[in-house]
*Asks:* 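Can you keep this structure in mind? I'll have questions shortly.
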Amino acid sequence: MFEPFHRGDAAHLHRDRPGSGLGLSIVRSIATAHGARATARARPEGGLVVTVGFPEL
């Protein structure tokens, strides 16, 4: 889920425009660069809950 991907079939998109699927991979890269951890879990009603946890100072 955190790896980059490309959406090839426009019929499966939920939006009007295509995307490259980079959002969560960028989130993870930024989190990692700052010593944080990014996690994601599916919601029963659909969608995701994405959490970024930073270490305490």
Side-chain angles (χ1 to χ4, degrees):
M1 184 170 306
F2 287 94
E3 296 299 320
F5 67 91
H6 177 74
R7 295 180 186 139
D9 185 357
H12 291 99
L13 294 178
H14 297 286
R15 299 183 284 180
D16 295 340
R17 58 190 183 271
S20 58
L22 293 173
L24 289 178
S25 65
I26 293 171
V27 168
R28 182 181 63 182
S29 293
I30 293 170
T32 300
H34 292 280
R37 183 176 182 165
T39 60
R41 66 175 175 84
R43 295 175 11 165
E45 63 275 12
L48 290 174
V49 174
V50 177
T51 304
V52 179
F54 290 88
E56 292 188 35
L57 298 175

*Asks:* Name all pairs fulfilling the side chain to side chain donor-acceptor pair (under 3.5 Å) condition that reach into residues 33-44, sequence neighbours left out, sorted by first residue then second.
*Replies:* Arg43-Glu45

*Asks:* Quick check: do Leu24 and Leu48 have side-chain heavy atoms less than 4.5 Å from each other?
*Replies:* yes

*Asks:* Would you say Val27 and Phe54 are hydrophobically clustered, going by side-chain heavy atoms of ILVMFWY under 4.5 Å?
*Replies:* yes

